[in-house]
Amino acid sequence: MDVSQYLSVFMDECQEHLSTLNQSLLALENEPENSGLLDAIFRAAHTLKGASATMGFNKMSNVTHSMEDVLSRLRSKELQVTQEIINALFSALDLLEELAKGIAEGKEEDAEADGVIQLLKQVASGASPASAPAAGKETGEERRKKLELRYTPEEKTELEPTITGGYNLYHVEVQLAPDCVLKGVRVFMVLRDVQQFGTLIKSSPSTKDLEDENFDDTFLLGVLSQNDGEELVKTLNKIMDVKNVKVEKIDLDKLPIERRETKEETVKTAKIVSKGDTVQVSAKGPVAQTVRVDIHKLDKLMNLLAELVIARSRLEQLAMDSQNLLLAETVEHVGRLTSDLRDQVLKTRMVPIDNVFSRFPRMVRDLAKNLGKEINLVIEGKETELDRTVIDEIGDPLVHILRNSVDHGIETPDVREANGKPAAGTVRITAFQQGNNVVVKIMDDGKGIDVQAVGEKAVRQGLLTEEELAEKTEEEIINFIFLPGFSTAKKVSDVSGRGVGMDVVRTKIKSLGGTVQISSVFGQGTTITITLPLTLAIIQTLLVKIGEEIYAIPSGYVDSTISVARNDIKILRNQEVTVLRGQMLPLIRLQNLLDVSGAKNPDYDELDVVVISVGERRVGYVVDALLRQQDVVIKSLGTYLKDVPGIAGATILGDGRVALILDFRAVA
Amino acid sequence: MDKDKQNVSEELMQIVVFKLGEEEFGVDILQAREIETLDMGVTRVPKAPSFVEGVINLRGEVIPIVDMRKRFSLTLPPLDYNSRIIIVEMGEGGNKVGLIVDTVVGVLRIPMSAIEPAPDIVKSIDQAFISGVARVDDRLIVLLNLERTLSTEEVRELSEVKLG
């Protein structure tokens with residue numbers, strides 16, 4: 001069978017399952033008793049086995065088969081999850097990744113599989129006294145996720161005044177008929193009624209899972225209401241397919257808290273798993289419904305959209321000139337539709353940053369083990385979305401920074417304890433959206449950057465003199481780290497510290513239109529902040545006029561626009577400055593920077609100034625006029641003009657003119 | 001130059017012939033995409049090499065425009081209604097660049113055998129930019145090596161030399 005046409009689909013699936021395996025294994029290491037994780041791992045391995053066998057990748061299917069043996073014994077409780085088993089599974093995973101990589105590169109499966117298979121067999125048999133492998137045994141009860149509602153202490157504090165103020169907290173358990181077809185609809189109806197009755201504060205599983213039908217047939221809701229719980233029971237029982245409703249009033253002092261001590265309480269309230277009916281947990285797990293689309297098709301769509309956006313600007317211009325109200329209305333409507341369309345198309349290109357983050361826990365775990373360090377990796381905001389093109393590029397720089405944090409940042413446990421820190425270091429990765437940008441922060445509570453050492457090294461490397469060093473701020477000195485060939489690590493290790501790296505990181509991020517900043521407190525830790533544009537294709541800009549020329553300034557750089565009276569401009573060291581919010585703001589006439597002839601602002605009494613902020617720095621740029629905000633499609637100037645400083649690209653305006661997009665990154 | 005091709009005397013090459021001042025130049029027609037009049041707005045690009053006139057919007061594409069006369073540092077009368085932009089593709093990526101020329105003369109078929117390596121007679125232009133000279137009747141047409149002529153690498157070197 002010619003399977004080559006399925007190869008890309010297989011590879012995609014393969015990556016998905018490998019990443020599931022990775023995450024679940026890591027989680028299993030911390031929660032060896034969690035049978036849900038075991039199931040997820042088993043499912044991934046099982047699917048992978050089937051798929052690879054179909055494709056004729058025998059090594060891969062053999063490895064997954066051996067994994068399955070181990071896993072089914074774990075599930076049937078013939079084996080206990082031990083570190084040994086976890087390690088064996090991890091090495092199997094590594095091998096699978098290697099095999100997958102080989103396949104992707106079109107090579108045969110090179111990697112040596114026998115060792116790992118042997119290892120798996122060993123752990124599968126060695127620790128197990130019982131014999132018969134019980135694959136596919138009834139594991140229904142284990143598969144059931146526990147339904148329980150727990151509250152963090154903070155939530156409890158928040159609830160307290162409400163409950164003492166006359167509200168009751170009810171835990172409502174709703175069981176749908178096992179043959180219910182439209183579970184999502186029923187959930188919706190239940191939630192609607194519940195919300196009329198009171199306030200829904202919590203649910204198990206989450207409302208999203210409920211709406212996506214990711215639950216068996218029973219779910220639990222936490223509701224605050226002044227009304228009598230029995231009323232709710234009556235209302236809900238009227239909904240079709242609702243089999244059973246139980247309402248329990250929860251007293252404040254019995255509030256299940258997310259702690260072990262109160263487990264008994266919560267188990268009581270959560271002991272609602274239905275008994276009789278056969279379990280049919282779908283094997284698909286919480287996977288959103290998706291269609292695989294060739295990325296090139298999305299790119300094409302994006303290009304078409306870009307044309308549309310340009311055509312829209314042109315249409316707007318024409319409508320404005322024609323003074324025809326009906327036309328103007330229609331054009332406005334088309335404009336709104338185009339904006340919506342653009343948002344949706346951009347969204348289709350968006351991928352959660354988790355695609356990159358998901359490999360970090362494993363990486364940090366391995367690094368920490370190698371280096372004899374204890375590290376808690378905290379990942380926040382992994383659902384933050386970024387354009388596919390950005391995601392593809394951002395992985396390596398992040399890996400590099402993270403490795404630096406683990407290797408150079410976090411100290412060994414004894415050193416940490418000697419310095420009065422907890423033995424385990426914390427590395428925190430946070431991603432969040434901020435306007436048109438996504439910010440990724442990597443913070444560690446390690447030893448921080450020794451600014452003095454950086455400075456001394458810079459002097460030794462001849463980058464500047466002692467005198468110059470004395471005039472630099474800490475931030476400026478730290479920035480030397482970004483220079484090629486600069487490393488402060490005293491000991492060169494396998495992991496990092498060879499003096500390559502941060503310059504590569506910065507170059508990469510700059511090429512994506514982003515920025516990197518480092519801040520560090522010596523002895524307390526380092527924070528690296530990366531700011532990335534959401535997308536690379538369409539940006540919002542402020543159009544400004546200088547002389548007869550029009551330039552577009554990406555809104556991401558614009559701090560504010562102000563009007564400065566000529567009298568408020570002072571000259572300080574040959575530099576025009578004004579005062580903005582109590583701070584000195586240097587003013588730069590864009591016409592000088594861009595060699596524009598015929599600028600009119602020198603004659604004005606009031607100057608229009610665009611305040612640009614890059615990092616901590618703010619600079620005011622004087623223009624002749626502020627025209628308007630406009631979404632523009634970035635067009636490259638082509639490789640021919642790629643090196644022109646200060647120009648990020650060009651765009652086509654509604655009247656067909658080309659306007660250049662200014663680039664302020666170099667300003668910082 | 002490919003030797004096999006030189007031996008086949010019948011082999012023809014088509015070139016687009018244009019004028020800069022009184023001198024005639026040619027580019028391979030396979031590299032020329034189209035010819036435009038100069039009435040579209042050219043947006044100046046600050047800090048670009050001096051011979052880059054700017055960029056234009058060619059049906060939705062942003063294309064850099066090079067003034068060939070400035071490229072070769074020729075001092076000539078200003079551009080007029082005869083002036084044209086020849087859009088050429090160069091390099092592996094097929095990057096489009098527009099060349100501003102004084103007039104486009106037309107397309108000419110010339111036998112490969114009429115092409116000679118660049119002699120010294122072409123004084124006004126750097127030898128590196130020339131891939132050959134075609135003699136057709138009493139005309140002398142300078143064939144340009146566009147990759148070289150427009151290379152920004154070259155530009156950088158040149159400007160560095162100037163600075164030094």
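All heavy atoms count here, side chains included; hydrogens, waters and symmetry mates do not. Sequence lines set the chain letters: A, B, ... in the order given, protein chains first and strands last, and positions in each chain run from 1.
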As an exercise: rank A:L594, A:L593, A:T651 by heavy-atom pairs under 4.5 Å with chain B and give me the winner. A:L594
Residues 593-602 of chain A vs salt bridge (charged side-chain N to carboxylate O under 4.0 Å, His left out), sequence neighbours excluded, gives A:E548-A:K600, A:D595-B:K47
Structural part of A:I550 lying under 4.5 Å from a heavy atom of chain B: neither
With a 4.5 angstrom heavy-atom cut-off, which part of B:I56 approaches chain A: side chain, backbone, both or neither? backbone
Run the side chain to side chain contact (heavy atoms under 4.5 Å, CB included) test on B:V55 and A:L660 for me, step by step, so that the C-alpha distance in whole Å, both residues' side-chain angles and the decisive distance to 0.1 Å come before the verdict. CA-CA 9 Å; B:V55 288; A:L660 298 177; 4.2 Å; yes
Report which part of B:V42 has an atom under 4.5 Å of a heavy atom belonging to chain A: side chain, backbone, both, or neither. neither
If the condition is ring-ring contact (aromatic ring centres under 6.0 Å, His included), which residues does B:F18 pass it with, not counting sequence neighbours? B:F25
Are any non-hydrogen side-chain atoms of B:P46 and A:I647 less than 4.5 angstrom apart? yes
Under a 4.5 Å heavy-atom cut-off, does chain A meet the side chain of B:V45, its backbone, both or neither? both
